[in-house]
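Every chain is numbered from 1 and lettered A, B, ... according to where its sequence line falls, protein lines coming before strand lines.
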Amino acid sequence: MNPYDHKTIEKKWQEKWEADGVYQTAENSDKPKQFVLDMFPYPSGDGLHVGHPRGYMATDVYSRMKRMQGFNVLHPMGWDAFGLPAENYAIKNKIHPRVAVEENIARFKKQLGLMGVDYDWSREINTTDPAFYKWTQWIFLQMYHKGLAYESWEPINWCPGCQTGLANEDVESDGTCERCGSKVEKKPMRQWVLKITEYADRMLLDLDKLPKWPEGVKEAQRNWIGKSEGAEIDFLMPGQPEHPIKIFTTRPDTIFGATFIAVSAGLAKEWFSVGWKAPQEIQDYVEKTLAEEAVKDFKEKEKTGIYAGFDAVNPASQQPVPVWITNYVMKDVGTGAIMGVPAHDERDFEFANKYNLSIKQVIVPGNKMKAVVVVPTLENDTLFKKELQKAGIGFALATSTISKREQIRVELTKENLQEFIDLVQKHITENNWVEIIGSENIVVKKDAVYKDFLNQADEWFKKFQEWEPLIQGQKNLWDMFSKNTFLNELVCYRESGNLVNSGKFDGMTSEEAQKAIVESVGGKMVSKYKLKDWVFSRQRYWGEPIPIIHCEKCGVVPVPEADLPVTLPEVESYAPTGTGESPLANISEWVNVPCPKCNEMAKRETNTMPQWAGSSWYYLRYIDPKNNAALVDKDKEKNWMDVDVYVGGDHATRHLIYARFWHKFLYDNGIVSTEEPFPRLEFLGFILAHDGQKMSKSKGNVISPDEVIAQFGADAFRLYQMFIGPFEQTAMWNANGMVGTLRFVEKVWRIAGKVADEASDLEVQKTLNKTIKKVSEDIEGFKFNTAVSAFMILANTMESATSVSKDDFKKFLQILAPFAPHSTEELWSGLHGEKSIHTSAWPRSDEKLITEDTVTIGIQVNGKVRAEIEIAHDATEAEVKEKVMNIPEVMKWIEGKEVKKFIFIPKKIISIVA
RNA sequence: GCCGGAGUGGUGGAAUGGUAUACACGUGCGACUCAAAAUCGCAUGCCGUAAGGCUUAAGGGUUCAAGUCCCUUCUCCGGCACCA
């Protein structure tokens, strides 16, 4: 047996697999299909680092197992090559983006090749290939025809670094550009927008149909879509019934507490343009505020506002309410105006306090009167706590005041108060006392008298008077409990509850009141979304041209489908112009075309599509990559969709929202047959550098897979990628870890040297069959790390065995093959001959060998493990008890005690209570 | 602030409510060797000479039995964030 020489072996097999077409997907097959998909990469100029391939390794392992299990596997790869980074890279290196992309793809492909991945390269796609983006443009046209693509002149996010407009999804939550980190500004400009909001509700609802998606990703999408249900209500201004102020609120039940109207600066500006002659002071304020808003800044700003000089009328209370223009209401949220309810909204509360606006309480907590009381733990504390629990009084360890260990915190409600008092009276001694540290019912402020609370306070006061003799010297209690203390508290109550000060609605619950009030003030219930329509124009060169022609006579004219694709022209200068126009605008021979309708000279749309366009549907093209007549053949689509498992990370709210949107649109138009593209999503964790930071060229902590593979070999690299930790969890790259998996591969190599034709040790047979079962399940569930550990256990068993049969070893090689395709293929070819291990049939585990005749289980005495016993796996309780009671170790612990309970859980444990 | 995820040896981590610390790294000792590397064997949670005791962020609860379920609190990571 030659020593393990990974370099020779890897090269040899990679070439042979390629030549034999081992991984090509059959076009017509009787086998069940399996579509395994990676999020395709952006071929950046930096090449891959060791953090990238983890997902590719996972799909590689998964698809290899599926192929061996008899599935017709589609495991393709492609390139998401349009967009800013490629273009910026090209500008920086003074080459054409197409050339840069070609170079980068070649490099990525070579790197992937070194890892021994099983992609079917005959189906490779590239979003920048005109034959591909013809269909991206085609989908845009379908959307245009359905009214889902429209022109807009709204101010949008503008990145001064990238010199282009951006979608909301491209802006980080700190207001910087996702790509270059520049501060994003607001800039008004003409752009194409996709009406993603029309699909918001369906995208939200259908998340519930995706049980195999990680909860976190679904939650991120729910947040992003941001549905809120509430009411739109008009506040009229005396004498101007034709100009009501429309507000949006999720809490119409608090309307009687609305003491002012707060209007966004953006809305005020609109009023100027429809004829409001506001004083200069107000106009200045609006301009100043808008300028501040234009620079997205999420640092907490102080709330400011200015009185508009007129009042509206609260439609519920008929009271006049002043209209304020403020900086804390956003134009693009809700209707851009709100009713200010300071008693029940913290932001309104803050604003009202600053400008001395009146505060009117209209909600009181329902029947959940709650006080928090601190009780130092009493002498027989277990007893006291048990009794508290019996009485249904919740308690917790107190964390503040004195020391943690000495006190507990008790939550009291109206219902359990009497019981609590009784209990304390029973247990209290002169060293113990009770302190009230707060109550959730403290809601009151100055002029807003919370009368219901006062009633309760009287009640409380009376109750606690009864304690007086018991708590003498504890003045805390009286201080905390005086009415004055409560009345000076300045808090607002945000929860729902019962209505007060609300006319005929008094006494209703918040829930009841909502509908009734909206109806009585002539409002209507509506749903609002945080999700905004998708800004789809980029003022850059390197993207799909938007297939639209602007004609002076005919207006906006879509390019006829027969003329697709609209290809990017070859140009000298593709750098952004910075004027808000695409560089394409300067190429007159491309821009000027006859109008398809009237044939007079017209101009092409010069904006291009964002990077996310191609990736929103690319997976469909793998199914039918060369079809020039349709996006995808209907029969092939039916055969291959859904994607059985989709693997990637980092795109919870961008790509995965856009792709779901496009897929649903295609479904509605009969192009695809499923409502969701990816029923199972496996999200992967990053691999961080050794220093715990993200790998990046600028930090100088990048580890290249090429070097690691050169040193340790692709198989050890692949095994380590899978072994490093749970797949979905962030992991840190540790070069030492590679040593372990390399040793393992070498160990397998050594075992190959000792296989014989005799039967294996029983131990080996058993472990092998358990491992086959475990590895099959683990790969299916993406638990690769425990699969690798199972391999190691099996290898250790085989190495120390006296005999390992050729057949058993071959089975081991087969289940290991998805992880270590090169070395297993090499060893397999020596034992088995010509046919590739990767097309061999996945071994089955022999259940008979997995079931053990005897099991060793632990024996607990009073909850502690004191001994263990080996018994038949089907032993009865009587047999077991007989044996157990005679074990010296057990007898020692139950000596002189009565055995109260003997619990026998077959194959698990014996538990004795004495 | 809201939502989601997590907290286990020196390190990465394992464990359908049933013998916590599998597997690997690291470390120590030993074998082989003139020597070293590689490899192999043994040991390795903490306290204790031992018997034994303690231990899954902290505290409490349910249970014969809790890393796992429930309550309270803390910390870290991620998403959203003046969203009305």
[X] vs [N]: side-chain N/O to OP1/OP2 distance below 4.0 Å:
X	N	result
A:R743	B:G26	yes
A:S911	B:G18	no
A:K227	B:C83	no
A:K864	B:C54	yes
A:N796	B:A24	yes

Students often get this wrong, so: under 4.0 angstrom with heavy atoms, is [X] touching a base, only sugar-phosphate, or nothing?
X	result
A:K747	sugar-phosphate
A:M330	base
A:V341	nothing
A:I793	sugar-phosphate
A:T335	nothing
A:D332	nothing

Is [N] paired to anything, Watson-Crick or G-U wobble with both distances less than 3.5 Å, and if yes, which nucleotide?
N	result
B:C74	B:G7
B:C82	none
B:C69	B:G61
B:C34	none
B:A22	none
B:G17	none
B:C54	B:G45

### Task
Using side chain to side chain contact (heavy atoms under 4.5 Å, CB included) as the criterion, point out the one residue from A:I793, A:V775, A:I850 that pairs with A:K770.
A:I850

#### Entry: Option from A:T854, A:I857, A:V855 for which side chain to side chain contact (heavy atoms under 4.5 Å, CB included) with A:E870 holds
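In the set A:T854, A:I857, A:V855, the residue that makes a side chain to side chain contact (heavy atoms under 4.5 Å, CB included) with A:E870 is A:T854.
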
Restricting both atoms to N or O, compile the protein contacts to nucleotides 49-52 of chain B shorter than 3.5 Å, with distance only.
{"unit_1": "B:G52", "atom_1": "OP1", "unit_2": "A:K892", "atom_2": "NZ", "d": "2.6"}

When the distance from [atom1] of [X] to [atom2] of [N] is rounded to whole Å, what number comes out?
X	N	atom1	atom2	value
A:I325	B:A84	CD1	P	23 Å
A:K218	B:C80	NZ	C1'	18 Å
A:E346	B:C2	CD	C1'	12 Å
A:I894	B:C64	CD1	P	19 Å
A:Q514	B:A84	CD	P	12 Å
A:I857	B:A20	CD1	P	13 Å
A:F712	B:C25	CZ	C1'	12 Å
A:K901	B:A65	NZ	P	8 Å

### Message
With rounding to the nearest 0.5 angstrom, report the CD1 to CD distance, A:I751 to A:E746.
### Response
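It is 12.0 Å, given to the nearest 0.5 Å.
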
Can [X] and [Y] be counted as having a side-chain donor-acceptor contact under 3.5 angstrom?
X	Y	result
A:N327	A:K288	no
A:E169	A:Y658	yes
A:D170	A:N157	no

#### Entry: Close aromatic pair by centroid cut-off 6.0 Å: A:F351 and A:F260
yes

### Message
Less than 6.0 angstrom separating the ring centers of A:Y720 and A:W733, yes or no?
### Response
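Ring centroids of A:Y720 and A:W733 are less than 6.0 Å from each other.
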
### Pair of N/O donor and acceptor under 3.5 Å linking B:C83 base with A:K530 side chain
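For A:K530, whose side chain was compared with the base of B:C83, there is no donor-acceptor pair (under 3.5 Å).
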
#### Entry: Short side-chain to backbone donor-acceptor contact, A:K218 and A:L210, under 3.5 Å
yes

### Syn or anti for B:G9 (syn when the glycosidic angle lies within 90° of 0)
syn

#### Entry: Cation-pi, A:F904 ring and A:K881 (6.0 angstrom, 45 degrees)
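Geometry flag: not set, cation outside 6.0 Å or 45°.
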
Expressed as a whole number of Å, how far does the [atom1] atom of [N] sit from that of [M]?
N	M	atom1	answer
B:U19	B:C64	C1'	15 Å
B:A22	B:U11	P	15 Å
B:C23	B:A15	C1'	12 Å

### Summary
Protein heavy-atom contacts under 4.0 Å, written 5' to 3' over nucleotides 3-14 of chain B as B (base), S (sugar-phosphate only) or - (none), form the string SS-------BSS

### Query
Between A:D201 and A:K227, is there a side-chain N and carboxylate O pair less than 4.0 Å apart?
yes

### Summary
Closest heavy-atom pair, A:D348 versus A:G340, reported as atoms and distance to 0.1 Å, is OD2-CA, 3.5 Å

